[in-house]
Amino acid sequence: MKQNTRLIQAGRGKQWIGQAVNPPVVRASTITFDTMAELAHASQHKGERVPYYGRRGTSTHFAFQEAICELEGGAGCALYPCGAAAVSGSLLAFLQQGDHLLMVDSVYEPTRALCEKVLRPMGVETQYYDPMLGADIERLIRPNTKVIFLESPGSITMEVQDVPAICRIARANGIVTILDNTWASPILCRPFALGVDVSIQAATKYIVGHSDVMLGTASANASHWPQLREHSYLLGYCASADDVYQASRGLRTLGVRLAQHQQNALQVAEWLAQRPEVETVRHPAFASTPGHAFFQRDFAGSNGLFSFVLKQGGAKAVAAFVEGMQYFKMGFSWGGYESLISPTLNVQKLRTASEWPYQGPLIRLHIGLEDPADLIADLELAFQRYQASL
Ligand SMILES: *Cc1c(COP(=O)(O)O)cnc(C)c1O
């Protein structure tokens, strides 16, 4: 089955959809049973594809979980109220007091804050590592290292990691690997084929695709699924059937949306790379981005999210650039149909284990489904405002 066909088929078995096209929204806290035998059967299945209690999900959830497993290649999938909860739920499932966590230095900033403000006071020590470290990560492993966390490409700066090399070292040392796979969505890379144990999606982004629902997923391979499932359940993570329905719906158009995001973003990124004001473009499909060769090896394509670095300018010049855009809105998150712009004045401040090689400010773009000619015209005016403010 080819990928666009799988996106249509996944999680749409007769047992989930009946005679409709989409799975119905089944909202439930209590699930009721007629006999002791039915109750025992449900409890044995731990809520996997058999209703047990609302927190374990209903058929709406089971259909979506099945679809994510099929797309990412995992053995099971836990659902969370947002991507950040999928990150905390995955880390808390495999870490205890006294453990050592290796965390990629280019990680999504709230994940770093979780390590410092929640995990460290609980007695879990986080050590950050250079995103380009690869197999040399072996040097950092200690007897109490329990988890290596990866995010590829990195948030904002887009370094692509050598995921298979790190996973090989981790597995040889009995260490769990957790990959924040949000940039790739479930279709641009196959995390379990690369060797990861747990793959996280902020479904909020491309899976939902319309900037109106928060949802997270974490899938695991067969050996790590029981622990991830049980710990996430005990911590009380769950998601509403209505939100999961929207995410299921988003999957059906994910392939065509991403193809268009990719095409539009490449056009804008190529235009930016020619601008004299631009120091570099950080886009995994560009040779200027560290780990580009790993991107070519491990990914099936790119999406709408990338960054570029300006040669110069402080807060005033950056404000002149990002304020007054016609189509790009300023705000967090990404993955919807609309274009977004987000400035970072000091990238080095966000990292502790690697050197950021540029002085100028960074601007991250999410390229939406507008016509790229309009987006380029919008950016052209931004460069004029920026030039005038220098
Ligand atoms: C957005 C994002 C998250 C958090 O997802 P939310 O649904 O906003 O909580 C986690 N990781 C990455 C890489 C993200 O981009």
Side-chain angles (χ1 to χ4, degrees), residues 64 68 72 77-92 103-119 128 131 147 149-161 163 177-189 191 196 198-219 232 235 237-240 242-244 246-247 250 254 258 261 265 282-284 291 295 299 302-307 329-336 338 340-342 344 347 350-351 362 364-368:
F64 178 67
I68 294 296
E72 283 199 312
C77 169
L79 300 180
Y80 302 85
C82 64
V87 170
S88 69
S90 301
L91 286 168
L92 291 169
M103 173 60 67
V104 65
D105 205 27
S106 50
V107 74
Y108 179 64
E109 205 276 330
T111 299
R112 178 185 287 263
L114 171 83
C115 293
E116 297 309 314
K117 295 179 181 170
V118 177
L119 296 182
Y128 299 89
V147 171
F149 193 100
L150 307 92
E151 184 182 323
S152 181
S155 272
I156 300 180
T157 49
M158 300 286 158
E159 296 91 343
V160 184
Q161 295 191 252
V163 174
T177 48
I178 302 175
L179 168 70
D180 188 330
N181 193 34
T182 299
W183 189 89
S185 88
I187 65 171
L188 297 180
C189 103
V196 309
V198 177
S199 171
I200 290 167
Q201 291 287 336
T204 308
K205 310 283 169 53
Y206 280 123
I207 294 176
V208 165
H210 294 72
S211 305
D212 53 1
V213 173
M214 312 240 15
L215 189 71
T217 72
S219 315
S232 295
L235 287 164
Y237 290 113
C238 55
S240 98
D242 301 86
D243 291 346
V244 171
Q246 295 294 345
L254 182 61
L258 274 188
H261 281 292
R282 283 283 176 123
H283 185 307
F295 170 77
F299 286 73
S302 57
N303 61 25
L305 191 74
F306 68 94
S307 301
K329 305 294 177 201
M330 189 160 37
F332 297 111
S333 202
W334 46 272
E338 80 290 5
L340 294 169
I341 190 164
S342 166
T344 302
V347 175
L350 301 175
R351 52 186 62 206
L362 176 146
R364 188 181 73 175
L365 299 179
H366 177 254
I367 302 299

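Just so you know, these numbers come straight off a predicted model, no measurement behind them. We count ligands from 1, going down the list as the structure has it; atoms in each ligand are counted the same way. Just the heavy atoms: all of them, side chains too, but no hydrogens, waters or symmetry mates, feed the values below.
Of all protein heavy atoms, the one lying nearest to atom 8 (O) of ligand 1 is M214 CE, 3.4 Å. For atom 11 (N) of ligand 1, the closest heavy atom belonging to the protein is D180 OD2, 2.6 Å. Among protein heavy atoms, the minimum distance from atom 9 (O) of ligand 1 is reached at A84 N, 2.8 Å. Atom 15 (O) of ligand 1 has as its closest protein heavy atom K205 NZ, 2.6 Å. Protein heavy atom in closest approach to atom 7 (O) of ligand 1: T204 OG1, 2.6 Å. Among protein heavy atoms, the minimum distance from atom 6 (P) of ligand 1 is reached at G83 N, 3.3 Å.
Between the side chains of S232 and Y80, a donor-acceptor pair is found at a separation under 3.5 Å. Y206 and T182 are not linked by any side-chain donor-acceptor pair at a separation below 3.5 angstrom, with hydrogens and angles left out of the test. Between the side chains of R364 and S155, no donor-acceptor pair is found at a separation under 3.5 Å. Remark: the E72 side chain and the N181 side chain contain an N/O donor-acceptor pair separated by less than 3.5 Å.
A side-chain donor-acceptor contact under 3.5 Å links S88 to the backbone of A85.
Taken to the nearest 0.5 Å, the NZ atom of K205 stands 4.5 Å off from the OG atom of S333.
Within the listing of ligand 1, atoms 7 (O), 9 (O) sit less than 4.0 angstrom from a heavy atom of C82. Heavy-atom contacts of E151 reach the following atoms of ligand 1: 13 (C) (cutoff under 4.0 Å).
Of all the heavy atoms of W334, the ones lying under 4.0 Å from any atom of ligand 1 belong exclusively to the side chain.
By the 6.0 Å and 45° rule, R112 stacks over the aromatic ring of Y128.
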